Amino acid sequence: RTQSESGTLRFASYYGDHMVLQKSPERAVLWGYGPEGAQVSVSLVGPTKQQASPVTVRKGIWRVSLDPVDAGGPYNVTAASVQSSAVTLKDILFGDVWLCGGQSNMYFKTSQIFNASEELALAAKYPHVRTFMVALKLSEAELTDLIKVERPWSVPTASLANFSAVCWLFGRYMYENLKYPIGLVESCWGGTPVEAWSSSRALQRCGLESVTDSPQEENSVLWNAMIHPLVNMTLKGAIWYQGEANADYHQDKYNCSFPAMIDDWRMAFHQGSGSQTAEDFPFGFVQLSTYKKGSVDDGFPNIRWHQTADTGFVPNTRMRRTFMAVAMDLPDETSPYHTIHPRDKQDVAYRLTLGARAVAYNEKEVPFLGPFPNQILSTQIYVNVTYDQEVSVTPSKDIFEICCSAIRAPCGPKSLWVPAPIMQWNSTAVQLSASMCPPPADVAALRYAWRDWPCDFKACAIYSSSRILPAPPFIINRYSIKGKVWKSY
C-alpha cells in the first residue's frame, strides 16, 4: 500500500492519537499519504512549538523529520496542505519507543500472567506508558505500511488485558526508572520461527533460502508484513522472545540466523528512519524458558546456546549492544496455557530491564549478567570452576555434567556425558567430582544446566551473590580453539 486510497491527506497506519514519538537527541519521523505533488507542512503545538519546512508528496507519500523534542507532552501534531484539509494527532508524548517481537511467549497476554488482576488494576497509574499492536498478517513482498492495526495507540486501561505481558511489564518497569514516556509497539505471532521475521538478505547470510509449506514458516512473510512497514519509525530499541519454534526447525542455523536478523533489523531501521534510529540500537531478548520436565532432548539447550551465538552470554563480539534475560529457572509446571508458556513474566521483564539499563542506558552500577566461568581447572579427580563474580551456590548432583573422552577432541551432544556433583564451594568457585569418568577417559568438556528443564523455580545451582541473576547455561570444551578458560594440571 503506497497509494492513498483517495489521495486525501493522512498519516500512515501506525500514527495516531496518544502515541509516543522518539524523544531527543533523535528526531521523530512522521509520514503519510496525500495528493500527488501537494505541499505538506507539519506543525507541533504543546510545551514547545515547531513548524517543519513544507515537503512535497511524491508517489503519494510525504515524509518529515521533526527537530529533536525533549521527553514530555502532551502535543498536537498537525499535517496540512493547501490542496487538502488538515489532519491532527492529539495527546502525543515524546519518550522512548521500544519494539517488542517474537512468538507466543511475547504474544502471551497480560490477562494470563500470575497476579493479572492486580497488574491490570495498576495500569491506569501509568498513563505515560502507551501501547500499540500490529495485527497478524503475512505478505510475500515487503510492504510500505501495515495491512491492519490490531490495537491503535492507547492509554493503558483494563483493555491492556490483551496486550503482551512481557512488553507491558518491561515498559512499566522502565518507566519507573526513567520517569518519562515509553511507547511500546507489539508485533509478534505464536509458533513462528526466526526465518519468518528475517529479510531475504539476512537469510542469505546463513544459507537459508528454501521455503517450507506452512504459511508461518515461510521465509520473510512476517518481516514483510509486520516489521518492514515500521522501519521509518525512530526507535530506541527492541526486545524479543522467540526460539521455541526453532528447537526443531533449522536449529543448527540459529547461531547464524538470530544474530543476522538483529544486524539486519538494525540496518533497516537505521536507513528507514533517515539515520535517526541508531545503527546499533539496543536489542534485548529472553533466553528460552522450559518446556518438558525430564526431557533429554537437546533442542532447548542448543537454542539457548545459539541465542548467544554460541558464547554463553551477551553482549559479545558477535552480538554487540545486546542483553539477555535468562529464564530457564522460571518453569511453570501447572500453567493452564501449557508448560511452554510460564505465567511468571514479571521476573522475565525485570531481568530484561536490568540489561536495558546497563546496555541501552549506560547505567554503570547495574548488575545484569549472571555468573560465568572465567577459569576451569581439571584433574582426574575433580573439576574446579571459578566464576567472574561472587556466587550463591545450592548443591546439586547433576546440574553440572562432564564429557568423558579418551581422545583429545571437542565433545558434542552424542558424546558420553555424566553428572559431576558439586562437592564443595566458596564465594567465587565450585569444585565438582570427576570420579564418574571411567578410566582411561579424561574430562574433555563441561556443561551446566544443559537440559530443557534444568531446575525447579528459582532453584538452579548457581546465582549471583544477590540471588537475583541466574548463571546462564554453558558448554565449554577443553580441546577447542577458544580453550583459554580451561587449565589442567
Side-chain angles (χ1 to χ4, degrees), residues 11-23 28 30 71-75 77 89-113 115-137 145-190 226-227 229-230 233-241 269 284 286 345-346 348-350 352-353 356 360:
F11 285 91
S13 65
Y14 47 85
Y15 293 89
D17 295 347
H18 316 301
M19 87 177 289
V20 178
L21 290 169
Q22 182 58 40
K23 70 169 188 70
L30 296 160
Y75 288 86
V77 180
L89 307 177
K90 299 183 178 70
D91 184 33
I92 303 301
L93 302 178
F94 283 80
D96 282 341
V97 182
W98 284 84
L99 173 61
C100 305
Q103 59 177 110
S104 57
N105 270 307
M106 184 61 86
Y107 193 78
F108 197 79
K109 298 172 180 178
T110 306
S111 61
Q112 297 173 311
I113 59 172
N115 303 324
S117 50
E118 290 94 321
E119 190 57 51
L120 293 170
L122 269 178
K125 293 186 176 166
Y126 294 90
H128 288 171
V129 184
R130 308 282 176 87
T131 57
F132 175 90
M133 189 172 170
V134 175
L136 278 57
K137 295 290 177 185
D145 202 355
L146 298 171
I147 298 169
K148 184 175 173 226
V149 169
E150 185 64 36
R151 172 193 172 90
W153 283 99
S154 314
V155 179
T157 60
S159 68
L160 190 70
N162 293 321
F163 191 74
S164 159
V166 170
C167 191
W168 166 254
L169 291 164
F170 173 79
R172 179 166 89 68
Y173 298 163
M174 289 311 301
Y175 176 81
E176 302 254 352
N177 193 56
L178 298 166
K179 303 285 193 263
Y180 59 69
I182 302 284
L184 300 169
V185 177
E186 175 185 343
S187 184
C188 51
W189 191 326
M226 294 175 67
I227 301 294
L230 305 173
M233 283 181 97
T234 310
L235 292 182
K236 174 67 179 180
I239 58 170
W240 175 260
Y241 194 158
F269 277 89
V286 183
K345 296 296 192 251
Q346 288 91 338
V348 169
Y350 176 68
L352 278 174
T353 59

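Here the structure is a predicted model, which is why all the values come from computation and not from measurement. Numbering starts at 1 and runs along the sequence shown. Below, each value reflects all heavy atoms present in this structure, side chains not excepted, and no hydrogens, waters or symmetry copies.
- A158 is linked by a side-chain contact (heavy atoms from CB on, under 4.5 Å) to nothing, counting only residues two or more places apart in sequence or in another chain.
- The two residues M174 and A356 have their closest heavy-atom pair at SD-CB, 4.0 Å.
- With K345 as the partner, the side-chain contact (heavy atoms from CB on, under 4.5 Å) test is satisfied by one option alone out of V166, T110, V286: V166.
- Rounded to the nearest 0.5 Å, atoms CD (Q103) and OH (Y241) are 9.0 Å apart.
- Annotation: the span from L120 atom CG to N115 atom CG amounts to 11.0 Å, rounded to 0.5 Å.
- Residues meeting the disulfide (SG to SG under 2.5 Å) test with C188, sequence neighbours left out: none.
- F269 and I227 make their closest contact through CE1-CG2, 3.9 Å (heavy atoms, listed as atom of the first residue, atom of the second, distance).
- Take F163 and apply the ring-ring contact (aromatic ring centres under 6.0 Å, His included) test, not counting sequence neighbours, and it matches no residue.
- Taking the ring-ring contact (aromatic ring centres under 6.0 Å, His included) definition, one finds that W153 meets it with F132, sequence neighbours left out.
- With sequence neighbours left out, Y180 forms a ring-ring contact (aromatic ring centres under 6.0 Å, His included) with no residue at all.
- Between the S187 side chain and the M226 main chain, a donor and an acceptor come within less than 3.5 Å of each other.
- Atom CD1 of I92 is separated from atom CE of M19 by 6.5 Å, given to the nearest 0.5 angstrom.
- Counting only heavy atoms from C-beta outward, the side chains of V20 and I182 never approach each other to under 4.5 Å.
- Contact check for L30 versus V77: side-chain heavy atoms found under the 4.5 Å cut-off.
- A donor-acceptor pair under 3.5 Å is absent between the side-chain atoms of D145 and the main chain of A12, judged by distance alone.
- With sequence neighbours left out, the side-chain contact (heavy atoms from CB on, under 4.5 Å) criterion links N177 to R357, E363.
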After noting the C-alpha distance and the side-chain angles of D96 and K23, does the key distance pass the side chain to side chain contact (heavy atoms under 4.5 Å, CB included) rule? CA-CA 6 Å; D96 282 341; K23 70 169 188 70; 3.8 Å; yes
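- Residues satisfying the side-chain contact (heavy atoms from CB on, under 4.5 Å) test with S159, not counting sequence neighbours, are R151, T157.
- Looking at heavy atoms from C-beta onward, Y107 lies in side-chain contact with E186 at the 4.5 angstrom threshold.
- In this structure the side chain of L146 reaches within 4.5 angstrom of the side chain of L230, judged on heavy atoms.
- A 4.5 Å side-chain heavy-atom check between L89 and F11 finds at least one atom pair inside the cut-off.
- With sequence neighbours excluded, the residues that form a ring-ring contact (aromatic ring centres under 6.0 Å, His included) with F94 are Y75.
- For W98, the side-chain hydrogen bond (donor to acceptor under 3.5 Å, both in side chains) criterion is met by Y361, not counting sequence neighbours.
- Side-chain N or O atoms of S164 include one that pairs as donor or acceptor with a backbone N or O of M106 at under 3.5 Å.
- What you find for G72 and P181 is that their closest heavy atoms are N-CD, 4.1 Å.
- Pairing each heavy atom of S13 with each of V149, the nearest pair is O-CG2, 3.7 Å.
- In this view, S104 and H341 satisfy the side-chain hydrogen bond (donor to acceptor under 3.5 Å, both in side chains) rule, not counting sequence neighbours.
- Looking at L352 and L169, their side chains never come closer than 4.5 Å, going by heavy atoms from C-beta outward.
- Sequence neighbours left out, the pairs with a member in residues 152-172 that pass salt bridge (charged side-chain N to carboxylate O under 4.0 Å, His left out) are E119-R172, R172-E176.
- Side-chain N or O atoms of R130 include one that pairs as donor or acceptor with a backbone N or O of H18 at under 3.5 Å.
- Counting heavy atoms from C-beta outward, T234 and V97 have side chains that stay 4.5 Å or more apart.
- Side chains of W168 and L184 form a contact here, defined as non-hydrogen atoms less than 4.5 Å apart.
- Remark: M233 CE to Y15 OH distance equals 6.5 Å, nearest 0.5 Å.
- Under the side-chain contact (heavy atoms from CB on, under 4.5 Å) criterion, P74 pairs with D91, L93, sequence neighbours left out.
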